[in-house]
Structure formats: C-alpha cells, structure tokens
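Both ligands and their constituent atoms are indexed starting at 1 by order of listing. These numbers come from the heavy atoms of this one structure, side chains and all, not from hydrogens, waters or symmetry mates.
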Amino acid sequence: MKLPSRSKSYMIPEYSLTGDLLSFITCGLQYRYQNKGTLPPSKPVQRWFGEFIHGVMEEAYLDWKYQQKKFPWDWKTDIRPIEDEIDLRLQVRGLYPHDEDLFFSINRPGNTLTLDDLNEHDHKKLASARAENAINIWGKDLFPLIDASELLIKGIRQMPNYNKNISRSNYYGINGVVDVLTSTKINNTHEQSTLYNFDNNIVNFIKKNLDESDIEDYEIIIDYKGMKRPPIKVSKPNAEDKWEHHKQQILTYSWLRSKQEDSKTISAGIILYLNELVPSKEDLVLIKEEIKNDLTDIPQENEFEDDVQLIMEWEEDDKAPNLSDEFKRARSIRFIEINEKEREKALKKFDDVVCNIENSLIQEMKGCKIQDAWKAEADERTCSACDFRTFCKNNTDITKDFKIP
Ligand code: SF4
C-alpha cells in the first residue's frame, strides 16, 4: 500500500506595517540584513527613542487612567519613575540611550546614584524633556479621549502578481499596532471640558479639519512618532518620502481597523511628531533648511513670524531659540484625511512593496547573492548610520569613511 505523503505546509507570509514595509522602503538591503538576518543595528538610537517615547506615553496613560493624576505632572515624582521602567524594559532587549539623551538609569547594574543626585546638567536630558512635554502638552488632551491603546490589528490580502509555480503563497498577512484609538468621546467635548477643566486642543484640531457632517459615529486613529515633522517634498535624490509614507501607514491602519467587527466609520488619522515639542540641534538645522526652501507646510505664509525669525537668526553654536508653544504644537500635530480613494492608493502601494520583498526573497532562495537580490538605495543620512556601509556596493557615503590612497 502506498502511504500518502504529507502535504506541503501552508504558510502565509506575515508583514508588519512598520517593522517590514516602512523598513524595506528605507533600504531593501538594510532591511534584509536587519530583519531577515535578525541582526540588530549596533547603534539603534533612533529606534531606542521611538520605543522609549511609545512606552512612556502608554505607561503615562495607564497611570492617568488608574490614578487620575492632575496635569501638569511633575517630572521628578510623576514622570521619571515611568522613564526608568521603560528604560529597563529596553535594556533587556539590548536597546540603550546615549548618555546625553537620558539621565543615568537607576536600574543599571552597579549604579549607586539615586534621583537626589540629579544635578542641573543631568536634569531632564533630551529624551526626558520630550517625555515631559509629550505628557503635559499632548497627554492632558489625549488621555481623556482614548478608547483603546496599543491595539493590534491584522488583515489578509491577495498576494500581488501571484504565480502558483513561483510565489510562496496566494495571500499575505498584514499587521500593525495602533497607538491610540478614539471615537465618539470627541462629541462629548463639553462634558470633557467641564470634567477636566480644560479646552481640548486635540478636539479643537479635529473639529477644525473635519467636516462637521462627518462628526457622528466615527473613530480617529492616532499615531506617535519619535521624530520631527517630515518635509512635504523630498529635496534630494534617493531621499525617503516620509511625509507620504506616514500617510500611507495611517490609511492602511484604517483599512485594517475597518475589517474588525467592533469598528465604526474611521474618519481621520492624526500623527503626533513628538520631537517638535523639544527639537534637537539636528532637528533645528533641518527645520531651518525646510523653511528656507519652502519644503514644509508649517508655518504657512505670514504664520508664526516671530518663531520663523528666531529660527532664521539661529546659528548652530547658539542656544536653542525660545519658540512659542503654539508653533511647537502646530508643527507637532498632523491631520490625515481618510477616504476610500486614498485608502485604495495606499493599499496598492503596500501591495507593491510586498511584491518587491517577495521577489527579492525568491531570488535569494534560488541562489542569487544577497547584494544582488536586494535593492540597496537610501539617502545619505541613512547610509551614514548604516552598519553595512563598509561592504555595501551602493553606499554613496563610503568615500567619507575610507580614503583611497
Ligand atoms: S549603506 Fe545605505 S544603501 Fe547600503 S545597505 Fe546601508 S542604507 Fe542601504
């Protein structure tokens, strides 16, 4: 008797919106080494801050929810313990901040210092200053509106260009984590205002941007980004169009969310660019360049004239300009309109990215060399911080590291 052979296992490749798709768009080859080769970056500072600020906002929300702490929060007593906890969690995963970004961690092995040893210089370093502002500027408006946080959303799509002899599967899975979901609570602004005794800047921003007729039964997706507001146009060849990619991310989240049973109509997305609340010197250099070259949407003409003047007169060796809270808030918040046409366009883009990743994978599986199978193309900034730049053929920045005699 002939025994039947076991059928081939059926696996659907799963793609994460940020971990895979946005990472592949930044550079295909870097994505291959870091994600598929599971090599963590050696200097993951950008990643550290992104994860740190997400963790801090999530913990701060839980503290607010269960302890109903009043704003503004004190950095030393209310915020610093959260920072320490998140820092410890990240250390376990091998992610450490630069010394200039965060006050020493109480949790570090061998540490004998306590919070009372804080000095003027150590007090609220860059990451802490951003955490404090994020909580006291946005947290106070955002937390009362939250319906769900860190919400995992998943969906399934047909594999683009499916070919049964070549493709790994006829479908692919797509997943993402929505930082914050808020809904009808925004209609109760009056109640909220009385209850929490404040004028809610996020509600006001939504009402300014959303058609009043849309404000019925709806949801808003909110995403935090541990970065500055990107320019609306890319000025250099190979530069990543972050402005467009962030929009596509929100639109794709909205599609994934619409597939969940308890979802309501998703009316809009909001991105909070948290670095704008306390821009670093590097951020200020870019903001100045973008204003000069008309590459940013904030400020618009004749807007924030005093802040623009301060930025234009600022030089790299000067102290950071004293920008107004209104300017920082306006640059920090972005509205994304959601409609079916835009959503379809974003999903098509992500299908294209998945198609490219799958093609590279299949080529590699067939024996093609890694550097030939994966496209290596990134902007100068990404290349200069890339661990693989010494042997990447396409690194345009390589001459800066190695001078050929
Ligand atoms: S050096 Fe640049 S092009 Fe090469 S892998 Fe790194 S990011 Fe990509």
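Stacking of Arg334 on the aromatic ring of Trp243 is recorded, both the 6.0 Å distance cut-off and the 45° axial limit being met. The side-chain tip of Arg157 points at the ring of Trp255 from less than 6.0 angstrom away and within 45° of straight on. With a 6.0 Å cutoff to the six-membered ring centre and a 45° limit on the axis angle, Arg130 counts as a cation-pi contact of Phe49.
With ligand atoms numbered from 1 in the order given, ligand 1 contributes 1 (S), 3 (S), 4 (Fe), 5 (S) to contacts under 4.0 Å with heavy atoms of Cys392. Heavy-atom contacts of Arg389 reach the following atoms of ligand 1: 1 (S) (cutoff under 4.0 Å). If you number the atoms of ligand 1 from 1 as listed, the ones under 4.0 Å from a heavy atom of Glu377 come out as 3 (S).
Shortest non-hydrogen contact noted between Asn133 and Ala129 is ND2-O, 2.8 Å.
For atom 8 (Fe) of ligand 1, the set of nearby N, O or S atoms under 2.8 Å includes one belonging to Cys27.
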